[in-house]
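Beneath this line is the structure, given in structure tokens, with notes to follow.
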There are 2 protein chains.
Amino acid sequence: MSEYNDYLYPQKWLSKASTGDRVAYELRMRIISGLIESGTILSENKLAADFEVSRSPIREALRILASENIIRLEKMGAVVIGLSEKEIEEIYDVRLLIETFVFERLIKMDTTNLALELSKTLEMMKVAIKYNDADEFSYQDVMFHETIIRSIGHSYITMIWNNLKPVMEGLILLSMRMRFKEKYEDFTRIVKNHELYIDAIRAKDRELMIKSLHENFDDVQGKVEDLWRSQQMLSKGVEPQND
Amino acid sequence: MSEYNDYLYPQKWLSKASTGDRVAYELRMRIISGLIESGTILSENKLAADFEVSRSPIREALRILASENIIRLEKMGAVVIGLSEKEIEEIYDVRLLIETFVFERLIKMDTTNLALELSKTLEMMKVAIKYNDADEFSYQDVMFHETIIRSIGHSYITMIWNNLKPVMEGLILLSMRMRFKEKYEDFTRIVKNHELYIDAIRAKDRELMIKSLHENFDDVQGKVEDLWRSQQMLSKGVEPQND
DNA sequence: ACTATAATACTTGTATACAAGTATACTCCA
DNA sequence: TGGAGTATACTTGTATACAAGTATTATAGT
């Protein structure tokens, strides 16, 4: 798809995706990782040449990324916004906001099946840890939270999630790849936290949920640091984009 | 733009918009109003013919509407989801959620300028009432809430608003047009409510804010009823879409 | 040296062409 | 009458062509 040999986004997750989606996924990763620096101006023609596709899917990708707030479409060219620490904290604000909302709804529902589903996902996360598969772990981690959010059947909360998910996923991917290499011991804590979350949902224990959610989010700081390290590593290993 | 003579969306608001945006705005209004019924399957070719434009802007419009959850893109054709009472309540859930979040941030800020800006907007709403201009009133009403939401400078909260705004605006437009004709007395109450909201922001009075916010949202039920009446009126007055 | 103006090399937005895939309807056969 | 298979008329996804607008650069004149 592109002259760049290395893809940041797992290619096997794109089996059914259109070219436009593929471009969006890959471009998103390059922006989140800092490979494409904030402030860069992207032109449809140049991107089309780089990815060796026509402008149609490029345009589609740019619209998607613009709706996710990581680029801004202007009269001439798309300006990369990227993710500073501020933006990352804001993303977690929103995630906290919607997951809290979701939990309030969950309290009024039967959560047996949900807890079961989450246990299954957590088992898969453990397997991924065991086999050192950062991407698979990230996938299941994202799925864990998506399962919770979708469970209440609230289409507009789901809509927010859908908008947030791609960037979220990218962040988690980059962070987890780094941790699998350098902070392997983190994962016992992460698993424990998710177990706590499941318990809270099963017991409909609001306090426990808030506690585990916050501990989960205290990882944010770690995630941010990981991301910067990841960005540095990537930008050292790869030739910067010249015109 | 289209063979239909009557536009539901105010044309003067589209002066700088691209064809794709125009189509999105108009299509959105037809869907929200019920002119295009939920369950209808839209084809790009047919829409392109109807609006007398090419498929490019149509595709763009459909992506936009899909991201707003009022249509669903499938393998063949886009299925209209529309707004049932459930969806409308969900929209207000989200609005309540983000405006509450915003208020918590506002408490920690200097709200003098914001209160001033809101007073100006409210004055404009009063003028719109005086001159019986439902569209202008709607515009200012939406702007009122947008001003509040943007004031905290939270890009991801703003992102949610941007996603919600078009549908919100459409709902308000249809509802206000109806009320200007049939429930003119409503507006003294609406103005009063907005004044209360400004007071709450100026005084950073959480309780007052919640109160006015909820009274504001108690209009929801009214809005929903208005919408149904509006839908009936429209579908009687206009020939249904045939193939 | 500097400004104004004109040429040019870009940009996006829209229309059109083509390819590949899918549902429908029809025909042929039993 | 019913069913398998094929033809056909759709669908979307992608590439390309063209038009209109904008920034930049170069040139000419003072």
Side-chain angles (χ1 to χ4, degrees), chain A residues 1-3 7 9 11 13-28 31 36 39-68 70-81 166 241-243, chain B residues 1-3 7 9 11 13-28 31 36 39-68 70-81 166 241-243:
Chain A
M1 185 174 76
S2 161
E3 64 177 18
Y7 296 108
Y9 196 79
Q11 292 303 292
W13 295 358
L14 295 173
S15 57
K16 298 189 303 177
S18 70
T19 311
D21 284 334
R22 286 167 199 272
V23 172
Y25 276 109
E26 188 55 28
L27 221 42
R28 187 185 295 116
I31 291 172
I36 300 177
T40 309
I41 292 178
L42 303 173
S43 115
E44 294 179 3
N45 286 315
K46 210 174 291 176
L47 287 172
D50 279 2
F51 281 94
E52 295 176 318
V53 298
S54 79
R55 269 180 60 217
S56 310
I58 297 288
R59 280 178 72 81
E60 198 182 307
L62 291 182
R63 303 295 159 134
I64 294 171
L65 300 183
S67 84
E68 292 168 8
I70 58 176
I71 69 172
R72 187 178 57 242
L73 299 176
E74 301 201 338
K75 271 176 306 202
M76 308 209 66
V79 181
V80 173
I81 298 174
Q241 293 199 103
N242 344 326
D243 311 66
Chain B
M1 184 173 74
S2 161
E3 61 178 20
Y7 296 108
Y9 196 79
Q11 292 302 293
W13 296 357
L14 295 173
S15 57
K16 297 189 304 179
S18 69
T19 312
D21 284 335
R22 286 167 199 272
V23 172
Y25 276 108
E26 189 55 27
L27 220 42
R28 186 184 296 115
I31 291 172
I36 300 178
T40 308
I41 292 177
L42 303 173
S43 117
E44 293 179 3
N45 287 313
K46 210 174 292 177
L47 287 172
D50 279 2
F51 281 95
E52 294 175 317
V53 298
S54 79
R55 271 180 58 217
S56 310
I58 297 288
R59 280 179 72 79
E60 198 183 308
L62 291 183
R63 303 295 159 135
I64 294 171
L65 300 183
S67 84
E68 292 168 7
I70 58 177
I71 69 172
R72 188 177 57 242
L73 299 177
E74 301 202 337
K75 271 177 307 205
M76 307 208 67
V79 182
V80 174
I81 298 175
Q241 294 199 102
N242 343 325
D243 311 63

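Numbers restart at 1 for each chain; the letters A, B, ... are given by sequence-line order, proteins then strands. Computation of the quantities below employed the complete heavy-atom set of this structure, encompassing side-chain atoms and omitting hydrogens, waters and symmetry-equivalent molecules.
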Looking at [X], I'd like to know whether one of its side-chain N or O atoms comes within less than 4.0 Å of OP1 or OP2 on [N].
X: B/Arg63; N: D/dG13; value: yes
X: A/Ser54; N: D/dT14; value: no
X: B/Asn45; N: D/dC10; value: no
X: A/Arg55; N: C/dT12; value: no

Does a salt bridge link A/Arg28 with A/Glu26, judged by any charged N lying under 4.0 Å from a carboxylate O?
->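 Between A/Glu26 and A/Arg28 there is no salt bridge, as every charged N stays at least 4.0 Å from the carboxylate O atoms.
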
Going from [atom1] on [X] to [atom2] on [Y], what distance comes out if it is rounded to the nearest 0.5 angstrom?
X: B/Ile31; Y: B/Ile70; atom1: CD1; atom2: CD1; answer: 4.5 Å
X: B/Leu27; Y: B/Tyr9; atom1: CG; atom2: OH; answer: 14.0 Å
X: A/Glu52; Y: A/Leu47; atom1: CD; atom2: CG; answer: 13.0 Å

Could you tell me whether B/Ser56 contacts a base, only the sugar-phosphate backbone, or nothing, with contacts defined as non-hydrogen atoms closer than 4.0 Å?
->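 Counting heavy atoms under 4.0 Å across all strands, the contact made by B/Ser56 includes a base.
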
Measure [atom1]/[X] against [atom2]/[N] and give the value in whole Å, please.
X: A/Glu60; N: D/dG13; atom1: CD; atom2: C1'; result: 8 Å
X: B/Glu44; N: D/dT14; atom1: CD; atom2: C1'; result: 12 Å
X: A/Met76; N: C/dA9; atom1: CE; atom2: P; result: 15 Å
X: B/Ile41; N: D/dC10; atom1: CD1; atom2: P; result: 15 Å

Which nucleotide wins on minimum distance to the side chain of [X], given the candidates [options]?
X: A/Thr19; options: C/dA23, C/dT14, D/dT14; value: D/dT14
X: A/Pro57; options: C/dT22, D/dA15, D/dT12; value: D/dA15
X: A/Val53; options: D/dA15, D/dT12, C/dG13; value: D/dA15

Does B/Arg59 or A/Lys75 map to a spot on DNA chain D nearer the 5' end, using the closest nucleotide for each?
->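 Checking each residue's closest nucleotide, the 5'-ward one belongs to B/Arg59.
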
